[in-house]
J.: 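Before I ask anything, here is the structure I am working with.
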Amino acid sequence: KAKENGRNQYLLCSSDLKGEVNRQNQLTNFLYRALEKGELFIEYQPQVHLVSGKITGVESLLRWRHPELGLISPGIIIPLAEQTSLINPIGEWVLETACQQNKKWQDMGLKPILMAVNISASQFKNPHFISQVEGVLQKTGLKPEYLEVEITESMAILEFSEIIRKLNGLKSIGVSIAIDDFGTEYSSLGRLKMLPLDRLKMDKQFIDGIGCNHKDQAIANAIIQLGKSLGLSVVAEGVEDEDQIAFLKTSQCDLIQGYYYYKPLSALAIEEILKKETK
Ligand code: C2E
Ligand code: MG
Ligand code: MG
Ligand code: MG
C-alpha cells in the first residue's frame with residue numbers, strides 16, 4: 001500500500017513537472033508576443049533627496065499586462081527572459097523607452113532628472129552592450145549624464161577584468177553606474193573599491209530591520225558610511241515609515257526610494273509631480 005502511494009506520488013510529481021514545463025513554455029511564447037503587442041510597459045519610481053524632499057531621479061521598473069493572466073511582475077519576467085534570447089530585445093526596449101521618456105520630460109521644459117535602468121547579467125554580458133547604450137542615447141537624444149545603469153553583485157559570474165572593462169566603457173560614454181541590492185550577495189570590498197561606481201543602493205532588507213533589529217541597523221549605518229567615504233552617493237531602497245526616515249537622516253543617507261514618498265508610478269503621474277517641482 002505504501003509502495004502504491006509512493007508510486008502515485010511519483011506519478012503526481014512527474015506530471016506536475018510536465019505541467020510546470022508546459023506552463024513555462026507557454027509563458028515564454030506569450031512573452032515573445034508581449035513585446036510586439038505592446039503588453040509591456042514601464043513604471044517609474046522617484047528617488048527623493050532626503051534633505052530637500054525633492055525628486056532627483058526615477059528608476060524604471062518593467063511591467064507586463066497580459067490580457068488573461070493579468071499583471072506579471074519583473075520577478076517572473078526577467079528570469080524567464082534570461083532563460084531565452086528575449087533578454088536582449090526586452091532589455092533594449094526598456095532602455096530605449098526609459099531614455100525616450102526622460103528626454104520627453106526635458107523637452108516639455110520640466111526639471112531634468114536622472115533615469116536609472118536595471119541591467120541584468122546576461123544583458124551586460126552581451127558583447128554589444130556598450131554600443132547598444134550608445135545607440136539608444138543617440139537615437140533618443142538623451143544626454144548621457146541623465147542615464148544611470150544599475151548593476152547587481154550577480155555580475156560576479158563574469159570575469160572581473162571583463163566587468164571593469166565594460167564599466168569603464170560606460171563611464172567613458174558619460175553614463176553613471178549604481179550598484180543595486182548592495183549587501184545581499186557576495187560583496188567583496190576589495191573588488192568594490194576597484195569598480196568605477198557613482199552610487200550604492202542599499203537593499204531593502206537592511207531598511208526593514210531599522211527600529212527592530214540592531215544588527216540590520218548597524219549594517220545599514222555601516223553601508224551608508226562606507227558609501228560616503230568611498231565618495232559614492234547612497235540610496236536607501238524600500239523605505240516605508242517615519243522611523244526609518246529619522247534613522248536615515250541621522251546617518252545622513254543621500255537619497256530615498258520607497259513607498260514612504262512614492263510607489264512606482266505611470267509616466268503621466270511623474271509628469272504631474274515634476275510640474276509641481278519645476279519653477
Ligand atoms: P530593484 O531594482 O531592486 O527595484 C526595487 C524594487 O523594490 C521594485 O520592485 C520596487 O517596486 C520595490 N519597492 C520600492 N520601494 C518599496 C517599498 O517601499 N516597499 C516595498 N515592499 N517594495 C518597494 P519590482 O518593480 O517588483 O522589481 C523587482 C526587481 O525586478 C527589481 O529590483 C529589479 O531587480 C528587477 N527589474 C525590474 N525592472 C527591470 C528591468 O527593466 N530590467 C531588469 N534587468 N530587471 C528589472
Ligand atoms: Mg534596481
Ligand atoms: Mg534594489
Ligand atoms: Mg531588489
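Counting begins at 1 with the first residue of the sequence. Atoms within a ligand are numbered from 1 in the order they appear, just like the ligands themselves.
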J.: Do any protein N, O or S atoms sit under 2.8 Å from the Mg ion (ligand 2), and which ones are they?
T.: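 Near the Mg ion (ligand 2), the protein supplies Glu59 OE2, Asn118 OD1, Glu150 OE1, Asp180 OD2.
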J.: Can you confirm, on distance only, whether ligand 1 has an N/O atom lying under 3.5 Å from any N/O atom belonging to Gln45?
T.: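 In this structure, Gln45 places an N or O atom under 3.5 Å from an N or O of ligand 1.
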J.: Salt bridge between Glu237 and Lys204, side-chain N to carboxylate O under 4.0 Å?
T.: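 Salt bridge: no.
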J.: Looking at Gly258, which atoms of ligand 1 are within less than 4.0 Å of one of its heavy atoms?
T.: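 Those of ligand 1 that fall under 4.0 Å from Gly258 are 15 (N), 18 (O).
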J.: Report the member of Phe182, Phe124, Tyr259, Tyr262 with the shortest heavy-atom distance to atom 16 (C) of ligand 1.
T.: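 Shortest heavy-atom distance from atom 16 (C) of ligand 1: Tyr259.
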J.: Please identify which of these residues, Gln106, Lys279, Lys54, meets the side-chain contact (heavy atoms from CB on, under 4.5 Å) condition with Lys111.
T.: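 So the option named by the test is Lys54.
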J.: Applying a heavy-atom cut-off of 4.0 Å, say which part of Asp180 lies close to ligand 1: side chain, backbone, both or neither.
T.: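 Only the side chain of Asp180 comes within reach of ligand 1.
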J.: Whether Lys171 and Asp198 form a salt bridge (side-chain N of Lys/Arg under 4.0 Å from carboxylate O of Asp/Glu) is what I want to check.
T.: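 Salt bridge flag = yes for Lys171 with Asp198.
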J.: Will you find, in the side chains of Gln257 and Gln45, an N or O donor that is under 3.5 Å from an N or O acceptor?
T.: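 The criterion, which ignores hydrogens and geometry beyond distance, is satisfied for Gln45 and Gln257.
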J.: May I ask you to list the atoms of ligand 1 that are less than 4.0 angstrom from any heavy atom of Ser120?
T.: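 The list of qualifying atoms is 44 (N).
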J.: Need the ligand 1 atom indices (1-based, order shown) with element for anything under 4.0 Å from a heavy-atom of Pro264.
T.: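 So the answer, numbered in order with elements, is 11 (O).
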J.: Looking only at non-hydrogen atoms, which of Asp208, Ile207, Asn118 approaches atom 40 (C) of ligand 1 most closely?
T.: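 Heavy atom nearest to atom 40 (C) of ligand 1 belongs to Asn118.
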J.: Taking 4.0 Å as the limit for heavy-atom contacts, which would you say applies to Arg63 with ligand 1: side chain only, backbone only, both, or neither?
T.: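 It is the side chain that gets close, since no backbone atom is under 4.0 Å.
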J.: Is any side-chain N of the basic residue among Lys201 and Glu59 closer than 4.0 Å to the acidic one's carboxylate O?
T.: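 Counted as a salt bridge, because a side-chain N and a carboxylate O are separated by less than 4.0 Å.
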J.: Please say whether the positively charged group of Lys263, taken as NZ for Lys or CZ for Arg, lies over the ring of Tyr259, i.e. under 6.0 angstrom from the six-membered ring centre and within 45 degrees of the axis.
T.: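 The answer is yes; both the distance and angle limits are met.
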J.: Within a distance under 4.0 Å of any heavy atom of Val94, pick out the atoms of ligand 1 and give their elements.
T.: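 Near Val94, the atoms of ligand 1 are 41 (O).
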J.: Quick one: does ligand 1 sit under 4.0 Å from the side chain of Asp203, the backbone, both or neither, non-hydrogen atoms only?
T.: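 Answer for Asp203: neither.
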J.: Going by the closest heavy atom to atom 26 (O) of ligand 1, which one wins out of Pro79, Pro74, Ser73, Gly238?
T.: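 The option holding the nearest heavy atom is Pro74.
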J.: Please determine, by modelled atom types, if Ser251 and Asn221 share a side-chain donor-acceptor pair under 3.5 angstrom.
T.: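 Result is yes, a qualifying pair exists.
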J.: So is Lys204 close enough to ligand 1, meaning a heavy atom under 4.0 angstrom away?
T.: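 Yes, Lys204 has heavy atoms under 4.0 Å from ligand 1.
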J.: Do Asn88 and Glu92 have side-chain atoms, one donor and one acceptor, less than 3.5 Å apart?
T.: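 Side chains of Asn88 and Glu92: no pair found under 3.5 Å.
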J.: Where's the contact between Glu237 and ligand 1, heavy-atom distance under 4.0 Å: side chain, backbone, both or neither?
T.: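 The part of Glu237 near ligand 1 is the side chain, not the backbone.
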J.: Is there a side chain to side chain donor-acceptor pair (under 3.5 Å) between Thr140 and Gln100? Walk through the geometry before answering.
T.: CA-CA 5 Å; Thr140 61; Gln100 197 173 52; over 6 Å; no
J.: For Trp105 and Tyr44, I'd like to know if the aromatic rings sit close, meaning centre-to-centre distance below 6.0 Å.
T.: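 Under 6.0 Å, so yes.
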J.: Kindly give the heavy-atom pair with the smallest separation between Glu150 and Ala116, and that separation in Å.
T.: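 Reported closest heavy-atom pair: OE2-CB, 3.5 Å.
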J.: Should the proximity of Ile78 to ligand 1, defined as any heavy atom under 4.0 Å, be assigned to the side chain, the backbone, both, or neither?
T.: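 The part of Ile78 near ligand 1 is the side chain, not the backbone.
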J.: Between Glu59, Gln123, Glu240, flag the one that comes closest to atom 19 (N) of ligand 1 by a heavy atom.
T.: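 It is Glu240 whose heavy atom sits nearest to atom 19 (N) of ligand 1.
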J.: Is any side-chain N of the basic residue among Lys275 and Glu271 closer than 4.0 Å to the acidic one's carboxylate O?
T.: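 Salt bridge present between Lys275 and Glu271.
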J.: Looking at Phe129, does the NZ or CZ of Lys166 lie under 6.0 angstrom from its six-membered ring centre and within 45 degrees of the ring axis?
T.: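 Geometry flag: not set, cation outside 6.0 Å or 45°.
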